[in-house]
Undergrad: 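Sharing a structure here in structure tokens format.
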There are 2 protein chains.
Amino acid sequence: MTPTIHDVARLAEVSIKTVSNVMNDYPHIRPATRQRVLDAIASLDYKPNLSARGLRSGKTGLVSLIIPDLRNPYFAELADIVVRAAEAQGLSVMVAQSNGQRERELSLLVGPRMQMVDGVLFSALGLSAEDNDLLARIRTPMVLLGERILDGPKDHVTMRNVEGSEAATAHLIGIGRRRIVALGSDPAQGLGSAALRLEGYRRALRHAGIEEDPDLLVDVIGWYRRTGADSMRAFLDRGVDFDGVVAFNDQIALGALRVMQEAGLHVPDDVAVIGFDDVDEVRYTLPSLSTIDPGREEIVEVALRYLTGRMDGSDADVPPRDHLTSFRLIQRESTTPA
Amino acid sequence: MTPTIHDVARLAEVSIKTVSNVMNDYPHIRPATRQRVLDAIASLDYKPNLSARGLRSGKTGLVSLIIPDLRNPYFAELADIVVRAAEAQGLSVMVAQSNGQRERELSLLVGPRMQMVDGVLFSALGLSAEDNDLLARIRTPMVLLGERILDGPKDHVTMRNVEGSEAATAHLIGIGRRRIVALGSDPAQGLGSAALRLEGYRRALRHAGIEEDPDLLVDVIGWYRRTGADSMRAFLDRGVDFDGVVAFNDQIALGALRVMQEAGLHVPDDVAVIGFDDVDEVRYTLPSLSTIDPGREEIVEVALRYLTGRMDGSDADVPPRDHLTSFRLIQRESTTPA
DNA sequence: GTGAAAGCGCTAACAC
DNA sequence: GTGTTAGCGCTTTCAC
């Protein structure tokens, strides 16, 4: 069957300890011995059994990434970066999908698979601050992503939502727009991205001395292209005058973009549009979409640094950390001044 | 520390064997005993150590999904379905990215992580039939996805590429187009999606009695929005007359769509366009994109069935299988007859 | 510098 | 029906 460390030891005429030493780069091994072992490994095509190693060491080299779903390009691109970054550190990534459902998130967090990973990157959508107790009880190292849970019992990394949204709105104001729709507010969401981005929108208006018009606050339940399109359609039907749109993510923006263009509105001349996330696809729409780049690379880099610090115990006594990444406003055709 | 089966046994006042029996749904246990064990498990919040179980049983409950990358919406959506389907069977999914590079694919296939999974779904892009020997040597159950490797030593699932492409082309012919661009041919690719889809294109032309014009075969190296846009721009510069485009995937189609519209061409009136893959985003472009739905659900369902059959040994002696899924042509605005 | 042996937590053959 | 025990393949303490 598949060779074990004993087979290697026998072939190299050493003990299994020596084989183990070679594999783990133990320093004091005679070069000749090491070479014999390496040759034996190669000739048997030996691969260490990771379950056995995991049992012994308590480490599996696996981290879990829990996200709502991969159909959402934001999370797909996030997962892409996580997988790359993790692999660079010799870690593999298990992807689990919650569909944004609280029940599903809970069962993933307490499920047996948690036993198998050294750490978890968790992008919560259903859980909230009320679940902090449960979160605190989880032993597996964990870093929270996103804004559902702030000031929780775990390390947390996300973007500067308020400032990002403020910058997006200010950008539209800067190119002369005054009747700006906030597309994506969601009263049901409580604290979370929607609330924070709405806050940034308001700050920008206030700063520019523009009075907020409730007619321009458009709810979008679930941030997809379809819901963005539906909400925009309903908004257009109301006949409210507007000249700019801050969409709270790119998917909404794309759905709205299509509906506005169908309705004969010209973007950016009639309506300037800016999104959030900078997913890849918005570079090639017509017009291309201005957006806020949330600094995904930085999010992943910091999150993984926090996580590995917890995993190897070097940050064991550090209280929960909070990191806010810097964003970038990316101007494209959808907000080009006339 | 974390409780073990011994702690549970002590608390429930039974032996570890009984605890193990309860967990594995062994039939002959007195209900009262079973309940005591279950209570003990609950009160200790006991979770079986999966490394130990994996060491003992030789099974980890993990499958690996090797794809080029998650930035590509086709693979992100495929991964989404794989994760869902695997979870429904109690399996977890490890995602690894190859970037389509042969070297990276090879190192993933022989790397230590293979030791940790019960099976592999492998969407090859760099490997080819020349690597069949290597593939044959791999013990881990494996199913190949896509068309890089046909008639290989492993089970294989993909769509009917030739027929799909033929249908797409025939559809354009059916709405009166005669000068149809094949966007995505790639002579370097040898056998593979590009060659098969080109073959389908040719069949449809032949069937309709349209002579092939080499000027209408446009290479696209790497099937992204950007390369689709670049290739279309170069093609437009050549001033060749055309009235239809069969793009070999949706990303190419979207890049080309933008460039054509920038150039003042109207889709579908001037040029009808059809893509391949039916990724989610093409529903909300303007115009929405007609495309070939490759039957991803079926691909995943069959692939996972093949894989689990190999994993549990029930199909151990079955020779490599080949399954071609049925596709669907989805007509949207980009090919609406005038 | 290398070997012998214990033990990580679990499953399953075998005993009772 | 339930308990005892060996052993999966590895790392690691302790000898030598």
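Chain letters run A, B, ... following the sequence lines, proteins first, then strands; residues in each count from 1. Computed from heavy atoms alone, side chains included, the values below leave out hydrogens, waters and symmetry copies.
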Undergrad: Counting side-chain heavy atoms from C-beta on, which of dT11(C), dG3(D), dG3(C) comes nearest to V14(A)?
TA: dG3(C)
Undergrad: Can you figure out which of dA4(C), dT4(D), dA5(C) approaches the side chain of S15(A) most closely?
TA: dA4(C)
Undergrad: Please tell me which of T33(B) and A52(B) maps to the more 5' nucleotide of DNA chain D, matching each residue to the nucleotide holding its nearest heavy atom.
TA: T33(B)
Undergrad: Rounded to the Å, how far apart are H6(A) NE2 and dT11(D) C1'?
TA: 12 Å
Undergrad: In whole Å, I'd like the distance from the CG atom of L55(A) to the C1' atom of dC10(D).
TA: 8 Å
Undergrad: Return the value, rounded to whole Å, for the distance between atom NZ of K17(B) and atom P of dC16(C).
TA: 16 Å
Undergrad: Tell me whether the side-chain N/O atoms of S57(B) come closer than 4.0 Å to OP1 or OP2 in dC10(C).
TA: no
Undergrad: NZ of K47(B) versus C1' of dG9(C): gap in Å, rounded?
TA: 16 Å
Undergrad: Check whether more than 12 heavy atoms from other residues, nucleotides or ligands sit under 6.0 Å from atom CD of Q89(A), and answer yes or no.
TA: yes
Undergrad: Is there a side-chain polar atom (N or O) of T4(A) under 4.0 Å from OP1 or OP2 of dG9(D)?
TA: no
Undergrad: Which part of the nucleic acid does L50(B) contact within heavy-atom distance under 4.0 Å: base, sugar-phosphate only, or nothing?
TA: nothing
Undergrad: Taking only N and O in the side chain of S20(B), is any of them less than 4.0 Å away from OP1 or OP2 of dT11(C)?
TA: yes
Undergrad: Pick out which of R305(A), E298(A), H156(A) makes a side-chain hydrogen bond (donor to acceptor under 3.5 Å, both in side chains) with H323(A).
TA: E298(A)
Undergrad: Regarding R102(A) and D131(A), does a basic nitrogen lie under 4.0 Å from an acidic carboxylate oxygen?
TA: yes
Undergrad: Can you tell me the distance, in whole Å, between the CG atom of N21(A) and the P atom of dT13(D)?
TA: 11 Å
Undergrad: Is there side-chain contact between M23(B) and I5(B), with at least one heavy-atom pair below 4.5 Å?
TA: yes
Undergrad: Roughly how many Å is it from CD in Q35(B) to C1' in dG1(D), rounded to a whole number?
TA: 17 Å
Undergrad: Separation of R10(B) atom CZ from dT2(D) atom P, in whole Å?
TA: 19 Å
Undergrad: For dT11(D), does either OP1 or OP2 sit under 4.0 Å from a side-chain N or O belonging to N24(A)?
TA: yes
Undergrad: Please determine, for the side chain of M23(B), which listed nucleotide (dC10(D), dG3(D), dT11(C)) has the closest atom?
TA: dT11(C)
Undergrad: Any donor and acceptor pair, going by atom type alone, linking the side chain of T158(B) with main-chain N or O of T325(B) inside 3.5 Å?
TA: no
Undergrad: Rounded to whole angstroms, how far apart are CG on D25(B) and C1' on dT11(C)?
TA: 14 Å
Undergrad: For R30(A) and R56(B), find the nucleotide of DNA chain C closest to each by heavy atoms; which residue's nucleotide sits nearer the 5' end?
TA: R30(A)
